Amino acid sequence: MNTQSLIIELPAQVLPPTFQLFESVRVLHRDRPATIISMRYISALTALKEGLGEWGWSYGVSYVYGLSPEDALTAPEEEFDLSDSDLKALVPTTSPRTEEVSYAVD
């Protein structure tokens, strides 16, 4: 498998995300697997201003990424604005997160 790395520098006050782009996760309220396809950081002030219940990392997932065309036809496509508490890693990571996070892309 060929991979590419993407290094993102975060401000000191922003913790690294729990999940990575293209990581396989389980969406807990749907009890189904998905793939992280987007991420955004919501600051505490932005969450307050926009009336959001949580701040921190927010993720978008695809339920069809990696599925066969037949299976993809009946799967919901995407869901956004999921928080860490909505997701669980399918393959637990044993390496600790660091200040420098790299993302592998297929």
Side-chain angles (χ1 to χ4, degrees):
M1 166 176 40
N2 292 333
T3 62
Q4 299 177 38
S5 292
L6 171 65
I7 305 296
I8 300 172
E9 292 185 31
L10 300 174
Q13 70 274 19
V14 175
L15 295 175
T18 302
F19 302 102
Q20 299 180 24
L21 288 171
F22 299 101
E23 182 174 350
S24 295
V25 294
R26 178 163 299 283
V27 178
L28 298 176
H29 66 271
R30 289 190 184 263
D31 194 30
R32 67 178 306 141
T35 302
I36 301 285
I37 58 168
S38 68
M39 303 165 52
R40 73 178 180 135
Y41 184 79
I42 302 168
S43 71
L45 289 176
T46 299
L48 182 64
K49 179 182 174 191
E50 295 181 11
L52 303 173
E54 296 184 62
W55 59 276
W57 288 98
S58 174
Y59 305 91
V61 298
S62 169
Y63 296 103
V64 298
Y65 181 85
L67 292 180
S68 69
E70 296 81 19
D71 291 338
L73 288 175
T74 59
E77 291 185 24
E78 298 171 344
E79 189 170 354
F80 294 93
D81 297 324
L82 299 171
S83 67
D84 287 337
S85 62
D86 295 319
L87 305 171
K88 180 179 179 181
L90 285 181
V91 179
T93 181
T94 56
S95 62
R97 301 284 180 187
T98 63
E99 293 303 314
E100 182 178 288
V101 179
S102 63
Y103 300 91
V105 178
D106 290 335

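Source: prediction; values computed, not measured.
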Is there a path of hydrophobic side-chain contacts, each under 4.5 Å between heavy atoms, that joins Y59 and L28? no
Under 4.5 Å between side-chain heavy atoms, counting indirect links through other Ile/Leu/Val/Met/Phe/Trp/Tyr residues: same cluster for Y65 and L82 or not? yes
Which atom of Y63 lies closest to which atom of E79, heavy atoms considered: OH-OE1, 2.6 Å
R26 (side chain) donor-acceptor with D31 (main chain) under 3.5 angstrom: yes
What pairs meet the side-chain hydrogen bond (donor to acceptor under 3.5 Å, both in side chains) rule with one or both residues in residues 33-42, with sequence neighbours excluded? R40-D81
Roughly how far apart are F22 CZ and S62 OG, rounded to 0.5 Å? 9.5 Å
Single-linkage hydrophobic cluster, 4.5 Å side-chain cutoff, L21 and W57 together: yes
Quick one: does F19's side chain get under 4.5 Å of D84's, heavy atoms only? yes
Counting heavy atoms not belonging to Q13, are there more than 12 under 6.0 Å from its CD? yes
Does L45, at its CG atom, have more than 12 non-hydrogen atoms belonging to other residues, nucleotides or ligands within less than 6.0 Å? no
Locate the shortest heavy-atom distance separating F80 from G60; write the atom from each residue and the value. CD2-CA, 3.5 Å
Testing the basics here: between L10 and P17, what is the closest heavy-atom pair and its distance to 0.1 Å? CD1-CD, 4.3 Å
Shortest non-hydrogen contact between V64 and A72, atoms and distance: CG1-O, 3.7 Å
Can you check whether L87 reaches V27 side chain to side chain, under 4.5 Å on heavy atoms? yes
Could you give the distance from NE2 (H29) to CG (D86), rounded to the nearest 0.5 Å? 6.0 Å
Where S43 and T46 come nearest, the two heavy atoms and their spacing: OG-OG1, 2.9 Å
Please report the closest heavy-atom contact between E23 and T18, naming both atoms and the distance. OE1-O, 4.4 Å
With a sphere of 6.0 Å drawn around CD of E50, does it hold more than 12 non-hydrogen atoms of other residues, nucleotides or ligands? yes
